[in-house]
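Predicted model only: the values in this text are computed from it and were never measured. Naming: A, B, ... by sequence-line order, numbering from 1 per chain.
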Amino acid sequence: MGNSEDNKPSNFIKEIINKDIDNNKNNGRVITRFPPEPNGYLHIGHAKSICLNFGLASEYNGKCNLRFDDTNPTKEEQEYVDSIIEDIRWLGFHWGEKELYASDYFDELFEYAVKLIKKGKAYIDSSDGDQIKEMRGMPTKPGIESPYRNRAVEENLDLFMRMKNGEFKDGEHVLRAKIDMSSPNMNMRDPIMYRIKHATHHRTGDKWCIYPMYDWAHGQSDSIEGITHSICTLEFENHRPLYDWFVKELEIHHPQQIEFARLNMSYTIMSKRKLLQLVEDKHVDGWDDPRMPTISGLRRRGYTPEAIRNFAEMVGVAKRDNVIDYSLLEYSVRDHLNKQAQRVMSVLRPIKVILTNYPEGQIEEMEAVNNPEDETMGTRMLPFSRELFIDMDDFKEDPPKKYYRLSPGSEVRLRYAYIIKCDEVIKDPATGEIIALHCSYDPETKSGVGTSTKKVKATIHWVSAQHAIEAEVRLYDRLFNSSDPAGDKEVDFLSHINKDSLEILKNCKIEPFLKNAKIGERFQFERLGYFAVDNKNTTTDNLVFNRTATLKDAWTKIENAKNK
RNA sequence: UGCCCGAUCGUCUAAUGGUAGGACACCGGCUUUUGGCGCCGUAUGUGGGGGUUCAAGUCCUCCUCGGGCAACCA
């Protein structure tokens with residue numbers, strides 16, 4: 001990358017790396033890794049870690065491996081592997097030849113285990129799960145040693161081979177490291193290295209019936225790959241002494257583990273287990289539901305990789321627990337889309353406007369700017385005619401104070417067209433419902449002509465009735481009403497679900513320019529927000545848009561303040 | 001009541017013994033054919049007590065508060 005890094009903020013991890021480079025540790029090399037377990041989809045919290053690990057590798061001209069931590073065949077699936085690969089690619093990161101797997105190292109890990117057994121540093125425990133748990137003690141109380149702890153090396157070796165060969169049932173034996181049952185660190189109380197699981201692995205099939213535990217596999221996988229800086233989240237801090245113990249006993253390369261605080265965000269949950277529950281219980285439309293904090297959900301919602309990467313940069317990296325304002329994520333996507341998105345006019349809740357003094361059958365082409373932030377995006381022509389649609393929000397029969405938009409007798413500008421005045425409100429005599437507005441336009445006020453001396457306080461968007469095309473628009477709000485949905489262990493997080501988080505609007509009227517909008521394409525609907533063409537429900541005759549984010553809206557703010 | 005980690009504006013995050021700064025949010029103003037964008041400004045912070053020092057957010061110490069650790073999960 002170029003000089004753009006000059007403004008990237010520093011953090012405590014970079015300082016450690018800088019020191020290591022100064023000391024010529026690892027010959028000044030930086031190799032990181034991102035190690036997801038393929039048991040769910042990636043979310044915005046993972047994005048922070050991905051940007052950190054791949055970002056560091058790129059800044060220090062090193063590399064970052066993608067390695068799947070696939071040590072538990074009963075929880076892991078190929079679907080998740082595929083989604084993780086897709087999401088990281090989409091974010092814009094690369095990991096060389098191919099992705100790696102902890103399961104690539106099962107043979108090596110097995111040999112390492114044999115080595116520890118031979119050194120007398122590991123043993124087969126034939127206690128059952130409850131007994132092992134019992135003997136482990138409590139954080140405040142030391143554990144006690146297993147009766148099998150002092151088995152002979154030969155017996156351990158023999159048992160371990162037979163475990164591998166499938167001679168035992170699940171749970172009959174485990175291999176444990178022989179460390180210290182009275183350690184104040186629970187992780188050092190003879191942690192389990194291997195357990196028997198007669199399960200089919202998504203990659204190794206039925207080759208193995210013993211599988212390494214994460215604590216045993218992870219550090220050694222890092223070591224095998226020559227990882228220099230093994231960056232993980234805070235909850236693994238207490239595991240570091242164990243990882244250090246393993247590589248020391250094995251006399252292999254020592255990756256330095258560094259822990260940072262995981263990302264939390266207000267009004268959202270980050271637990272994969274809870275996200276899975278939302279999916280399985282159909283509270284959302286899959287892992288990629290636009291309300292989900294998953295990468296695939298944000299993508300479907302219309303977020304850009306740039307916005308997510310920039311967000312990851314803005315939240316920073318530190319060791320204290322944190323809760324990021326949801327508004328920072330929204331800011332990041334608005335900021336990027338503002339510079340990048342094609343502007344377009346779209347009416348979500350249409351009211352018909354008839355310009356009584358505009359000639360019937362006449363059509364004018366109005367020139368509209370595609371993006372005021374980027375002149376190179378050019379202009380387009382908008383058809384204008386006697387019958388238009390405007391948005392319900394832009395008309396009020398009894399306008400409150402400071403309401404600048406259309407109301408009986410008032411004037412507004414139609415964006416890129418004329419100033420109009422509302423002369424008459426036409427209602428259904430039976431229901432009292434507003435059917436149409438009769439307005440008159442001022443021919444002297446055509447946009448861009450410069451013949452107008454009139455000033456109006458508001459400009460509203462519109463589409464020509466006969467030229468409009470129809471679309472479905474989905475408006476999203478936060479999935480949870482509580483700023484910390486999982487905060488109270490006594491309360492089910494599902495009870496905080498926002499029932500109004502999805503609103504589907506049919507028969508929205510959008511300008512003809514959008515006729516050929518492609519899946520995933522993003523637009524700014526002027527004055528309304530950013531919208532992206534949905535990748536799941538859009539068909540040739542049903543164009544579906546997802547609202548990515550609203551525009552900031554001073555009027556709504558004024559209204560909300562009044563209602564308080 | 002054991003071990004580990006942490007504590008700076010409302011929320012994040014800098015300041016590496018020498019003027020507590022930035023971003024988001026908020027409030028106010030300017031600008032505006034998007035009540036958008038942009039620009040300007042106001043306000044808001046070192047958890048507490050001792051100590052070291054000419055000088056402490058930073059170092060020492062005690063306290064307080066918060067988080068993590070007792071899966072054959074990762």
Base, sugar-phosphate, or nothing for [X], non-hydrogen atoms under 4.0 angstrom?
{"X": "A:Met186", "result": "sugar-phosphate"}
{"X": "A:Asp215", "result": "nothing"}
{"X": "A:Glu237", "result": "sugar-phosphate"}
{"X": "A:Gly171", "result": "base"}
{"X": "A:Val323", "result": "sugar-phosphate"}
{"X": "A:Asp553", "result": "sugar-phosphate"}
{"X": "A:Val456", "result": "nothing"}
{"X": "A:Asp69", "result": "sugar-phosphate"}
{"X": "A:Phe12", "result": "nothing"}
{"X": "A:Ile324", "result": "sugar-phosphate"}
{"X": "A:Tyr211", "result": "nothing"}
{"X": "A:His218", "result": "nothing"}
{"X": "A:Arg240", "result": "nothing"}
{"X": "A:Thr71", "result": "sugar-phosphate"}

Considering only side-chain heavy atoms of [X], which listed nucleotide, [options], is closest?
{"X": "A:Tyr214", "options": "B:rC73, B:rA74, B:rG10", "answer": "B:rA74"}
{"X": "A:Asn72", "options": "B:rA14, B:rA23, B:rA74", "answer": "B:rA74"}
{"X": "A:Glu37", "options": "B:rC37, B:rC12, B:rC73", "answer": "B:rC73"}

I'd like to know if [X] reaches the base of [N] with its side chain, counting only an N/O donor and acceptor under 3.5 Å.
{"X": "A:Glu259", "N": "B:rG6", "value": "no"}
{"X": "A:Ser447", "N": "B:rU33", "value": "yes"}
{"X": "A:Arg413", "N": "B:rU33", "value": "yes"}
{"X": "A:Arg334", "N": "B:rG36", "value": "no"}
{"X": "A:Arg320", "N": "B:rU8", "value": "yes"}

Is it true that [Y] and [X] share a donor-acceptor pair across their side chains at a distance under 3.5 Å?
{"X": "A:Glu367", "Y": "A:Thr379", "value": "yes"}
{"X": "A:Asn310", "Y": "A:His336", "value": "no"}
{"X": "A:Tyr41", "Y": "A:Glu79", "value": "yes"}
{"X": "A:Asp484", "Y": "A:Ser482", "value": "no"}
{"X": "A:His173", "Y": "A:Ser126", "value": "yes"}
{"X": "A:Tyr243", "Y": "A:Asp215", "value": "yes"}

If I pick the [atom1] atom on [M] and the same atom on [N], what distance separates them, to the nearest angstrom?
{"N": "B:rA70", "M": "B:rG57", "atom1": "C1'", "value": "37 Å"}
{"N": "B:rG17", "M": "B:rG28", "atom1": "C1'", "value": "39 Å"}
{"N": "B:rU58", "M": "B:rC62", "atom1": "P", "value": "16 Å"}
{"N": "B:rG10", "M": "B:rC72", "atom1": "C1'", "value": "45 Å"}
{"N": "B:rC63", "M": "B:rC24", "atom1": "P", "value": "41 Å"}
{"N": "B:rG47", "M": "B:rA14", "atom1": "P", "value": "15 Å"}
{"N": "B:rC39", "M": "B:rG51", "atom1": "P", "value": "48 Å"}
{"N": "B:rU1", "M": "B:rG21", "atom1": "C1'", "value": "42 Å"}

Across all strands, who's sitting opposite [N] as a Watson-Crick or G-U wobble pair, both distances under 3.5 Å?
{"N": "B:rA71", "result": "none"}
{"N": "B:rC30", "result": "B:rG38"}
{"N": "B:rG21", "result": "B:rU13"}

Could you tell me how far apart [X] ([atom1]) and [N] ([atom2]) are, to the nearest whole angstrom?
{"X": "A:Gln524", "N": "B:rG35", "atom1": "CD", "atom2": "P", "answer": "10 Å"}
{"X": "A:Leu406", "N": "B:rU34", "atom1": "CG", "atom2": "P", "answer": "17 Å"}
{"X": "A:Tyr194", "N": "B:rC73", "atom1": "OH", "atom2": "C1'", "answer": "17 Å"}
{"X": "A:Ile144", "N": "B:rA70", "atom1": "CD1", "atom2": "P", "answer": "19 Å"}
{"X": "A:Arg415", "N": "B:rU34", "atom1": "CZ", "atom2": "P", "answer": "5 Å"}
{"X": "A:Arg262", "N": "B:rA74", "atom1": "CZ", "atom2": "P", "answer": "15 Å"}
{"X": "A:His201", "N": "B:rA74", "atom1": "NE2", "atom2": "C1'", "answer": "13 Å"}
{"X": "A:Ile192", "N": "B:rA70", "atom1": "CD1", "atom2": "C1'", "answer": "13 Å"}

Under 4.0 Å between a side-chain N/O of [X] and OP1 or OP2 of [N], yes or no?
{"X": "A:Lys197", "N": "B:rC73", "value": "yes"}
{"X": "A:Arg67", "N": "B:rA74", "value": "no"}
{"X": "A:Ser10", "N": "B:rA14", "value": "no"}
{"X": "A:Lys402", "N": "B:rG35", "value": "no"}
{"X": "A:Arg189", "N": "B:rC69", "value": "no"}
{"X": "A:Tyr331", "N": "B:rC24", "value": "yes"}
{"X": "A:Lys557", "N": "B:rC26", "value": "yes"}

Taking atom CZ of A:Arg413 and atom CZ of A:Arg415, what is their separation to the nearest 0.5 Å?
10.5 Å
Within 6.0 angstrom of [X] [atom1], more than 12 heavy atoms from elsewhere:
{"X": "A:Lys396", "atom1": "NZ", "answer": "yes"}
{"X": "A:Arg262", "atom1": "CZ", "answer": "no"}
{"X": "A:Glu364", "atom1": "CD", "answer": "yes"}

For A:Lys552 and for A:Ala261, locate the closest nucleotide of RNA chain B by heavy-atom distance; then report the residue assigned to the nucleotide nearer the 5' terminus.
A:Ala261
Mapping A:Met213 and A:Lys446 onto RNA chain B by nearest heavy atom, which one lands closer to the 5' end?
A:Lys446
